[in-house]
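Given the structure is predicted, the values throughout are model-derived calculations rather than measurements. Numbers restart at 1 for each chain; the letters A, B, ... are given by sequence-line order, proteins then strands.
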Amino acid sequence: MYSLASYRLMTGNEAVAFAVKQVDVDFISAYPITPQTIIVERLSEYVSSGELDAEFVPVESEHSALSACIGASLAGARVFTSTSSQGLALMHEVMYIASGMRCPIVMAVSNRALSAPLNIHGDHSDIMGSRDAGWVLIFCENPQEVYDYTIQAFRLAEHPEVLLPVAVNLDGFTVSHSSEPVAILEDEVVRAYLPRRERPRLEFEEPASFGVFALPTHYFEFKVEQEKALRKAGEVLEEVSAAYPNRSGRLLKLSKFNEDGRIAIICLGGTAGTVRHVVKKYGMKDFSLISLKLFSPFPSEELLDALKEAEGVVVMDRATSPGAPLPPLASNVAASLYEAGVRLPLMSVVYGLGGREPTLKMIVEMLEKSRERIGEGGPVVSRMYLGYGGG
Amino acid sequence: MYSLASYRLMTGNEAVAFAVKQVDVDFISAYPITPQTIIVERLSEYVSSGELDAEFVPVESEHSALSACIGASLAGARVFTSTSSQGLALMHEVMYIASGMRCPIVMAVSNRALSAPLNIHGDHSDIMGSRDAGWVLIFCENPQEVYDYTIQAFRLAEHPEVLLPVAVNLDGFTVSHSSEPVAILEDEVVRAYLPRRERPRLEFEEPASFGVFALPTHYFEFKVEQEKALRKAGEVLEEVSAAYPNRSGRLLKLSKFNEDGRIAIICLGGTAGTVRHVVKKYGMKDFSLISLKLFSPFPSEELLDALKEAEGVVVMDRATSPGAPLPPLASNVAASLYEAGVRLPLMSVVYGLGGREPTLKMIVEMLEKSRERIGEGGPVVSRMYLGYGGG
Amino acid sequence: MPISKLADLYGREGLSPGHSACQGCGATIAVRQVLLAAEPPYIVVSPTGCLEVISTPYPFTAWRVPWVHVAFENAAAVASGIEAALNVLERKGIGRRHKVIVIGGDGGTFDIGLQALSGAFERGHNILYVCYDNEAYMNTGIQRSAATPPGSITTTTPAGKRERKKDIVSILVGHGSPYVATASPHLWKDLTNKVRKAQSIEGPTFLHIIAPCPRGWYFDPHLTIKLAKLAVETRIFPIYEVENGRYRINYLISRPRPVEDYLRLQNRFAHLLRPENAALLEEFKRWVEDRWSQLLKMAEAFPA
Amino acid sequence: MPISKLADLYGREGLSPGHSACQGCGATIAVRQVLLAAEPPYIVVSPTGCLEVISTPYPFTAWRVPWVHVAFENAAAVASGIEAALNVLERKGIGRRHKVIVIGGDGGTFDIGLQALSGAFERGHNILYVCYDNEAYMNTGIQRSAATPPGSITTTTPAGKRERKKDIVSILVGHGSPYVATASPHLWKDLTNKVRKAQSIEGPTFLHIIAPCPRGWYFDPHLTIKLAKLAVETRIFPIYEVENGRYRINYLISRPRPVEDYLRLQNRFAHLLRPENAALLEEFKRWVEDRWSQLLKMAEAFPA
Amino acid sequence: MFLEILFLGRGGQGVVTAGRIIAEAALRAGLFSQSFPEFGPERSGAPVRSYVRISDEPISTRAPMESFDVAVVFEERLLGPSIVESVRSGGIIVLAAESAPELPRSDVKLFVVGARRIIEELKKPRSLNLAMVGALCSVINTIPLKHVEDIVGRRFGEENKEVVRRAAQMVVSVEQTA
Amino acid sequence: MFLEILFLGRGGQGVVTAGRIIAEAALRAGLFSQSFPEFGPERSGAPVRSYVRISDEPISTRAPMESFDVAVVFEERLLGPSIVESVRSGGIIVLAAESAPELPRSDVKLFVVGARRIIEELKKPRSLNLAMVGALCSVINTIPLKHVEDIVGRRFGEENKEVVRRAAQMVVSVEQTA
Amino acid sequence: MSRRPEFLIPIVFEAGNTAKRSVASWRSNRPLIERRLCTNCLICWIYCPEPAIFLDDAGNVQIDYDHCKGCGICAEECPRKAIKMVVENV
Amino acid sequence: MSRRPEFLIPIVFEAGNTAKRSVASWRSNRPLIERRLCTNCLICWIYCPEPAIFLDDAGNVQIDYDHCKGCGICAEECPRKAIKMVVENV
Ligand SMILES: Cc1ncc(C[n+]2csc(CCOP(=O)(O)OP(=O)(O)O)c2C)c(N)n1
Ligand SMILES: Cc1ncc(C[n+]2csc(CCOP(=O)(O)OP(=O)(O)O)c2C)c(N)n1
Ligand code: SF4
Ligand code: SF4
Ligand code: SF4
Ligand code: SF4
């Protein structure tokens with residue numbers, strides 16, 4: 001049994017900061033960038049007021065932020081950082097290093113579009129552009145999930161069979177800046193959920209060398225081992241979430257709505273809520289919704305299972321992979337279907353780039369279009385830009 | 001008709017530098033990193049000796065290198081840079097900006113593994129980790145291709161319907177450091193192939209603002225326009241390569257060998273040569289080879305065409321996409337097959353990470369294994385780490 | 001030719017109205033003055049920050065001169081590229097040299113852009129780098145920068161910043177720059193003439209301009225120029241120039257006004273004036289005194 | 001407690017033999033001396049570069065002390081993280097403070113790592129940053145860095161570098177560091193005592209050590225220590241320290257040896273001694289003189 | 001019940017805070033709520049919006065709001081035609097003003113509150129937003145005013161409760177003639 | 001014809017250049033060639049390798065070489081057991097030495113050249129690699145020595161041609177007894 | 001030699017076109033110049049952040065009310081106190 | 001509280017283990033100490049880059065030939081000229 005402290009109105013960013021305070025992190029280093037900045041500000045306040053006993057290092061760039069986090073993590077600290085967009089892109093190099101050095105850092109990403117042109121609004125290009133960096137990638141639909149998943153992210157990251165960094169993604173503005181009720185746990189409950197675990201660390205008495213140079217004789221093995229750990233994280237997640245005190249806040253790999261709908265909509269992050277709203281409000285029973293919480297390791301199996309009854313699938317990507325046959329999420333879905341030998345009509349939808357937040361009308365339009373395209377012997381794969389005004 | 005100046009023994013890196021000299025670039029900015037450094041060194045020498053009339057700006061980091069290139073490109077110059085691995089990762093943010101600002105920069109990437117652990121040897125993780133940045137991505141098999149494709153890259157990049165940066169990839173060490181005969185063109189022939197073309201630029205008389213801020217009202221359209229231009233580059237390439245004076249050096253999207261083999265091996269970069277050698281030397285008629293030259297925009301159509309007769313396909317990735325169902329190349333191939341509704345047994349091979357260069361024996365082993373797995377009612381998708389020693 | 005009266009500047013506007021800076025934005029005043037003085041042909045480069053965001057919401061631009069923004073951390077690198085490229089294009093007869101003027105905020109200059117700046121100065125590019133210093137990251141909502149003065153409250157230093165302000169002038173003098181100077185928009189004649197001078201010198205030059213920010217310093221927008229003046233007259237922001245390593249104090253403040261006159265008007269310093277924070281106020285004063293006396297000594301050891 | 005004889009250092013080795021530095025590597029000598037002097041407990045951080053590559057080919061390490069490498073540009077940021085994290089872990093009773101010592105090459109310090117360094121110094125972390133200066137990027141095969149002296153040939157300056165060496169000491173003094181010093185491995189006593197001193201001072205301190213590199217400077221490996229000595233005695237590499245802004249020249253070279261004695265032994269300078277390059281040689285000498293006289297003036301204006 | 005509310009004021013006037021207070025009060029009243037600002041760079045002086053949804057069911061949509069049940073406008077100058085347009089038929093406008101302007105629509109209810117006078121009288125020059133929340137609360141009548149008072153008291157000091165109360169009392173309905 | 005050749009010396013001795021010279025000479029002789037160094041960080045003094053392939057057909061493989069037709073060893077100390085092992089049966093070792101060491105294999109031909117003496121005598125202390133290329137060329141006998149001489153003359157000065165010639169003359173076959 | 005491409009590109013070719021936008025709605029207070037006090041010294045102009053001050057054809061300093069945001073700097077800095085700020089009417 | 005994970009991780013736990021590797025093959029010249037000249041002053045040791053110089057149990061300076069690369073610094077710097085370099089035999 002668990003006990004909820006209470007409900008509080010929080011934005012996604014505030015939910016992150018609050019969770020991070022409760023997990024008793026030791027070290028935070030981050031750099032301001034819209035729409036993530038509020039996380040940094042709140043944490044500065046917690047540290048400054050003494051509510052959180054941690055070091056907050058206000059570095060001079062995101063490259064240094066993640067670098068400082070690696071140093072702190074290797075020194076044995078529980079570490080948190082956060083960023084968005086250009087900041088994440090500037091960390092790109094260091095992200096691979098954090099995972100390669102097996103640092104259980106948790107990072108919140110308030111997702112935002114990448115320049116050029118500069119745009120401060122939401123989309124998933126930032127994290128998708130670094131999706132190969134070997135991090136566990138979690139997506140949240142609302143501040144409640146942000147809160148719950150941030151806490152669980154620490155347990156997952158620090159699990160001795162995982163030891164990998166985790167990125168908790170929240171849509172820039174639509175989740176990061178939206179104030180909503182969040183059920184929070186008592187501090188002690190959170191602490192109990194997250195006992196400290198030992199791992200190798202920098203100390204004079206047991207001198208080890210970290211971040212060594214690997215010749216072709218060894219590199220491949222390190223990388224495969226790391227890939228395995230990431231896959232393992234998928235299994236460990238089940239244990240991590242099963243142990244989470246607030247049952248309704250457990251981090252499942254995906255959540256389903258209206259399972260009987262014959263057309264499945266697959267979606268990451270906040271937009272899933274809008275789709276759910278539309279399906280519910282307009283009684284569009286044809287459609288089921290799969291809100292994917294775990295993007296990496298990609299839960300192919302669970303996804304295929306969720307698609308068992310589907311006649312077609314709409315995959316909503318809030319990012320592009322220019323030049324590739326399909327954008328990131330659709331590409332993973334197609335690969336999973338291909339592997340399973342399932343030939344499901346797939347409509348790949350790119351939406352919401354640079355904060356073009358889907359309106360209800362747009363979602364309805366997308367659903368209608370998918371009905372047209374799916375199931376009438378249409379193409380296996382079709383494409384759509386949702387809300388795009390150009391030619 | 002064209003005239004070859006002569007054959008010269010050149011490494012891949014030297015072939016880049018020589019081509020860049022011949023195309024009369026105006027501006028070079030780069031930062032040393034193994035195994036790309038020789039390119040920078042040779043170009044410094046050309047500039048210093050006066051053989052090349054260009055500015056060489058020896059910046060203090062790769063982030064600045066590509067930034068300086070953007071500045072120079074917007075000032076109207078023909079621009080070149082080169083990098084590898086950590087350097088490319090450090091440019092990540094700026095790569096998206098270069099394409100978003102539509103700068104026709106040509107960059108050579110001597111591909112190398114990404115840290116951690118640090119490794120200076122060849123693999124494709126670096127460029128694959130930035131494959132969403134909207135660049136045209138070309139892969140070369142040997143110094144000859146490096147030379148020819150570098151020259152063609154400029155014409156493609158600067159084409160008024162493209163105006164996008166192009167990355168020319170050569171395997172670190174195995175191509176970048178291998179000296180081989182290269183047929184070179186006369187300087188004048190190269191110049192004639194690459195006339196200067198006008199594009200918007202920074203100048204006091206026609207003051208325009210570059211790199212502006214786009215609200216949600218406009219960003220989506222810019223990005224779609226950019227994606228279209230990248231797709232367009234695939235078409236333009238045909239014109240660009242058809243015009244290339246050395247017929248045998250034309251940049252085709254892919255090259256085929258032993259087309260009748262029932263199992264197709266798809267491969268990027270230098271390893272294609274080793275596979276070809278094995279197939280030829282050991283008379284393994286079962287196998288055809290598709291050496292892919294263009295990775296982005298991905299030539300799905302041409303690839304499907306090349307696979308028409310295949311009974312199975314082996315996709316060799318020299319990079320991983322940890323946590324994804326398939327590594328980058330296999331993922332694109334699977335998406336293409338899925339879209340075409342073709343259900344071909346696919347063996348995804350990850351090889352050569354961190355310079356674990358495949359030996360002939362390893363290639364043979366891979367081919368044998370693929371025979372076992374493909375065509376006997378085996379799984380649609382199977383996986384293999386080639387040359388991996390771990391469990 | 002030196003600027004002696006406002007009529008010399010009128011009609012040379014480089015920035016259009018209609019931008020979206022806050023009411024009373026000091027940075028915008030500073031930038032206007034820089035552009036009024038700058039001699040064509042030139043190209044302006046800006047890093048990300050207030051100036052960039054307020055001036056170019058597509059499809060609009062406030063810039064009447066060629067302008068480019070690439071990212072937050074690389075303005076000096078972009079400027080290096082433009083400068084060097086135009087050198088060779090002029091040599092080849094397919095372009096001409098422009099003076100490249102970077103105009104960036106303190107965050108893009110003191111922190112995330114410092115390395116690019118240092119590199120450009122080390123390589124000796126012919127650029128003028130202007131930093132409008134509003135003493136925090138304003139565009140993202142008032143976070144600490146290395147230029148934030150000690151004691152100042154920002155959203156990342158809720159109890160006041162502990163560290164001193166990074167001495168960017170010394171750092172750039174240490175780079176061997178031929179001309180480094182400070183300026184304030186209330187001294188428009190000094191400022192605009194320094195722009196001319198800096199622009200006329202071959203090599204990398206630097207102008208550090210105080211730019212009061214009503215939003216980030218929490219003061220009433222009509223006080224912007226007043227505050228710039230107070231910063232100078234309290235010796236908090238000394239006005240001087242360093243030419244080839246030789247120092248000249250342009251405004252020798254012999255009888256400084258009390259720093260409290262300056263602090264009082266801004267909510268970011270409100271706590272410093274509370275009795276319980278007397279030590280912090282002392283610390284602030286010590287910082288001001290140390291810098292001033294250091295400056296005097298330098299001017300003595302290396303006189304202009 | 002000060003080090004007075006070699007026996008005080010013997011047996012404190014922090015680096016094992018069996019690493020793969022070149023024959024006669026000056027950097028390795030410098031690093032050995034630093035570690036012989038350093039007082040436990042400490043942690044070493046290195047950026048990418050020769051030192052890192054020669055010392056840790058998995059599954060081997062030459063380091064007998066805790067050591068970490070993360071990337072090329074971020075050693076000071078990594079050090080900041082370790083230092084700050086151990087502060088809080090000690091406070092929480094689950095760890096203890098260590099002095100963090102960064103040891104990096106000139107490229108990782110003057111160029112690509114400068115911003116992280118500047119940030120760490122501005123924030124005032126309690127770290128000792130040691131730069132072994134072999135005056136180019138050696139690990140990647142001898143390319144120009146901001147520390148490469150004027151005239152020197154590298155693979156990216158085939159005709160000799162035009163710019164002067166970046167004055168890192170002035171720059172860090174400009175950051176308000178409480179202790180910045182230079183050293184040479186031939187003066188082992190001075191060097192090791194400076195390490196102790198720097199380590200004992202709270203806050204960010206810096207040690208700049210000349211590290212002759214036979215491969216990159218093109219000299220015979222047995223001359224490494226000789227060259228370090230010549231660099232000092234020609235005034236090319238002055239030995240001094242700056243404590244809280246106050247200068248002390250530790251080796252006042254009243255009668256400098258001709259710079260030619262130093263240049264002659266190294267192929268990177270061979271062209272400077274050719275008659276047709278007299279102007280370049282002059283330029284080099286001017287640089288040496290300018291720096292020395294600047295140093296004297298600073299020592300006079302800000303005496304220890 | 002499903003209410004969509006717009007707050008419209010200027011950077012610096014606490015428009016976002018107003019939205020949060022009402023959302024929090026709704027939460028206390030056992031309702032579900034969501035509140036978010038206009039997304040974008042905010043500059044002092046520029047017109048600024050914030051949005052609130054209140055419902056008796058969980059709110060999952062994050063779609064932008066294009067029309068409203070209630071618009072709360074902090075200054076008469078800001079009540080332009082497009083704002084008036086954006087209020088749904090049968091909806092409400094709450095305006096800070098001393099006297100009532102003419103509205104071009106009759107299917108919208110206009111309420112006016114002398115918010116500036118209230119805050120001047122109570123010497124709370126920075127509390128315009130609190131006055132507007134009080135007025136709104138009284139007008140929509142789905143959230144007990146006490147919740148708003150409590151929140152305001154806790155977050156901004158007891159003295160500010162009076163601002164809320166006074167505004168709630170003083171807001172008046174204006175009959176439209178158009 | 002398909003020859004795989006190893007050069008083994010020390011960092012600083014021009015091992016890589018040696019490989020390139022022979023590859024270039026092969027090119028001039030109308031053959032195909034490929035030459036590459038050992039990939040990795042090179043330090044002065046450390047043992048260093050380079051590799052050459054020569055063929056009468058285009059060379060497409062980039063597989064690492066694990067065994068060789070010819071091994072050219074710049075110093076007797078470097079001729080360890082693993083090197084001797086790596087030479088194919090019927091293959092050749094060319095060694096810079098004054099006298100012939102014992103080899104543990106008899107299916108390999110050993111050639112010795114007094115390369116150090118030659119360069120000393122000709123006062124070309126940095127030309128050990130050129131001597132070794134000369135010796136190799138003479139031993140494998142598929143590339144006219146003239147091509148090597150030309151390349152060396154052009155790249156390193158006429159005086160060095162003599163190093164090549166002399167080494168080509170002086171290299172001697174050693175009969176193995178083991 | 002600049003050539004505008006036919007496709008959408010994130011460049012604004014029309015220099016200074018924010019002048020076409022009004023920011024009058026930002027203003028709560030309006031500066032009024034008292035003509036008889038004003039010497040047209042241009043001090044207000046050099047300190048205006050917009051700039052929303054210009055010389056009319058007669059050479060008199062004028063406020064551009066489409067672009068004045070009402071910050072009050074001009075009023076504060078006018079050496080002749082020739083500008084006063086009044087509350088903006090609707 | 002360090003705990004070694006069971007999987008492969010790029011950390012070397014055995015500090016200073018390059019000492020187990022020989023780099024003797026790097027050496028072309030070998031330093032020889034002339035015992036009677038040597039005062040065990042340790043100057044050679046402080047300047048050796050490896051270090052390949054140590055004190056034996058008797059307190060005498062010795063060369064560690066597994067780790068000496070033969071750079072010759074010791075011979076150059078020995079104040080008593082007690083070290084000479086000789087060409088390495090096979
Ligand atoms: C790599 C990166 N990190 C962070 C940001 C977010 N960001 C944009 S502007 C800015 C602050 C700018 O501060 P400053 O340079 O002082 O200029 P100001 O806004 O104060 O004018 C920040 C943190 C960014 N755009 N890019
Ligand atoms: C981001 C990045 N760029 C480039 C490199 C390649 N690189 C590694 S070490 C090095 C030079 C190191 O020079 P320095 O710091 O002077 O140390 P040294 O090797 O001379 O000891 C370079 C360019 C890298 N590892 N990472
Ligand atoms: S926040 Fe400050 S610097 Fe930025 S526009 Fe507003 S007043 Fe100007
Ligand atoms: S290149 Fe220079 S610094 Fe690097 S290991 Fe060799 S001698 Fe030392
Ligand atoms: S400052 Fe005053 S006097 Fe001068 S022009 Fe302006 S209004 Fe007139
Ligand atoms: S009130 Fe401000 S914006 Fe308006 S004219 Fe005066 S100075 Fe300019």
Side-chain angles (χ1 to χ4, degrees), chain B residues 24-29 31 47 52-79 81 91 93-94 96-98 100-101 103 105 196 198 200-215 217-219 221-222, chain C residues 14 20 40-48 52-89 91-92 94-100 112-113 115-123 125:
Chain B
D24 186 32
V25 299
D26 303 313
F27 182 91
I28 303 154
S29 184
Y31 193 75
V47 170
L52 170 59
D53 186 11
E55 288 275 334
F56 172 78
V57 177
V59 279
E60 74 295 337
S61 78
E62 289 87 354
H63 196 283
S64 284
L66 190 54
S67 300
C69 287
I70 290 177
S73 181
L74 296 177
R78 180 170 284 172
V79 171
T81 185
M91 286 180 176
E93 180 195 10
V94 197
Y96 285 78
I97 299 177
M101 293 183 87
C103 295
I105 294 163
R196 303 250 168 193
E198 292 186 358
R201 67 187 214 178
L202 287 162
E203 58 191 332
F204 199 81
E205 278 66 29
E206 293 186 45
S209 294
F210 292 71
V212 298
F213 180 60
L215 288 160
T217 43
H218 291 86
Y219 181 88
E221 283 68 29
F222 283 126
Chain C
S20 38
Y42 63 89
I43 290 166
V44 177
V45 181
S46 291
T48 317
E52 165 263 334
V53 169
I54 60 129
S55 64
T56 61
Y58 186 88
F60 292 103
T61 181
W63 298 88
R64 301 165 78 163
V65 295
W67 177 88
V68 59
H69 154 260
V70 177
F72 187 24
E73 57 276 53
N74 62 2
V78 173
S80 303
I82 297 172
E83 189 262 350
L86 290 177
N87 276 353
V88 65
L89 292 184
R91 206 156 67 216
K92 291 183 175 178
I94 48 178
R96 71 160 165 154
R97 287 208 171 103
H98 286 60
K99 185 83 182 190
V100 182
I112 202 168
Q115 188 161 292
L117 173 63
S118 172
F121 272 55
E122 187 263 330
R123 293 186 303 272
H125 291 278

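- V88(C) approaches D53(B) most closely through the heavy-atom pair CG2-O, 3.6 Å.
- R201(B) CZ to I82(C) CD1: the interatomic distance, rounded to the nearest 0.5 Å, is 12.0 Å.
- Your options are D24(B), L74(B), V94(B), L66(B), and the one with the most heavy-atom pairs under 4.5 Å with chain C is D24(B).
- With chain B as the partner, the residue from V65(C), V68(C), V45(C) showing the most heavy-atom pairs under 4.5 Å is V68(C).
- Summarising the geometry, atom CD1 belonging to I54(C) is positioned 11.5 Å from atom CZ belonging to F213(B); distances are rounded to the nearest 0.5 Å.
- Contacts between S29(B) and chain C at a heavy-atom distance below 4.5 Å are absent for every atom of the residue.
- Heavy-atom distances place no part of V47(B) under 4.5 Å from chain C, backbone and side chain included.
- Only the side chain of F222(B) comes within contact range of chain C, with heavy atoms under 4.5 Å apart.
- When the candidates I97(B), L215(B), V79(B), T217(B) are compared by the number of heavy-atom contacts under 4.5 Å with chain C, I97(B) comes out ahead.
- Between R123(C) and V59(B), the closest heavy-atom pair is NH1-CA, 3.4 Å.
- A distance of 5.0 Å separates NZ of K92(C) from CZ of R196(B), quoted to the nearest 0.5 Å.
- With respect to chain B, the highest number of heavy-atom pairs below 4.5 Å among G95(C), A77(C), S118(C), P66(C) belongs to P66(C).
- Residues E83(C) and E55(B) have side chains not in contact (no heavy-atom distance under 4.5 Å, counting atoms from C-beta outward).
- Only the backbone of R64(C) comes within less than 4.5 Å of a heavy atom of chain B; no side-chain atom from C-beta onward does.
- Counting only heavy atoms from C-beta outward, the side chains of E203(B) and L86(C) never approach each other to under 4.5 Å.
- Between H218(B) and P59(C) the shortest side-chain heavy-atom distance falls below 4.5 Å.
- Of the listed residues A85(C), G119(C), A84(C), the one with more heavy-atom pairs under 4.5 angstrom with chain B than any other is A84(C).
- In this structure, H98(C) contributes its side chain and F204(B) its backbone to a donor-acceptor pair below 3.5 Å.
- No other option in A75(B), S64(B), S209(B) has as many heavy-atom pairs under 4.5 Å with chain C as S209(B).
- Interface summary for chain B: among A116(C), S80(C), A62(C), A75(C), the most heavy-atom pairs under 4.5 angstrom belong to A116(C).
- Under the side-chain hydrogen bond (donor to acceptor under 3.5 Å, both in side chains) criterion, S61(B) pairs with no residue, sequence neighbours left out.
- Looking at E93(B) and E73(C), their side chains come closer than 4.5 Å, going by heavy atoms from C-beta outward.
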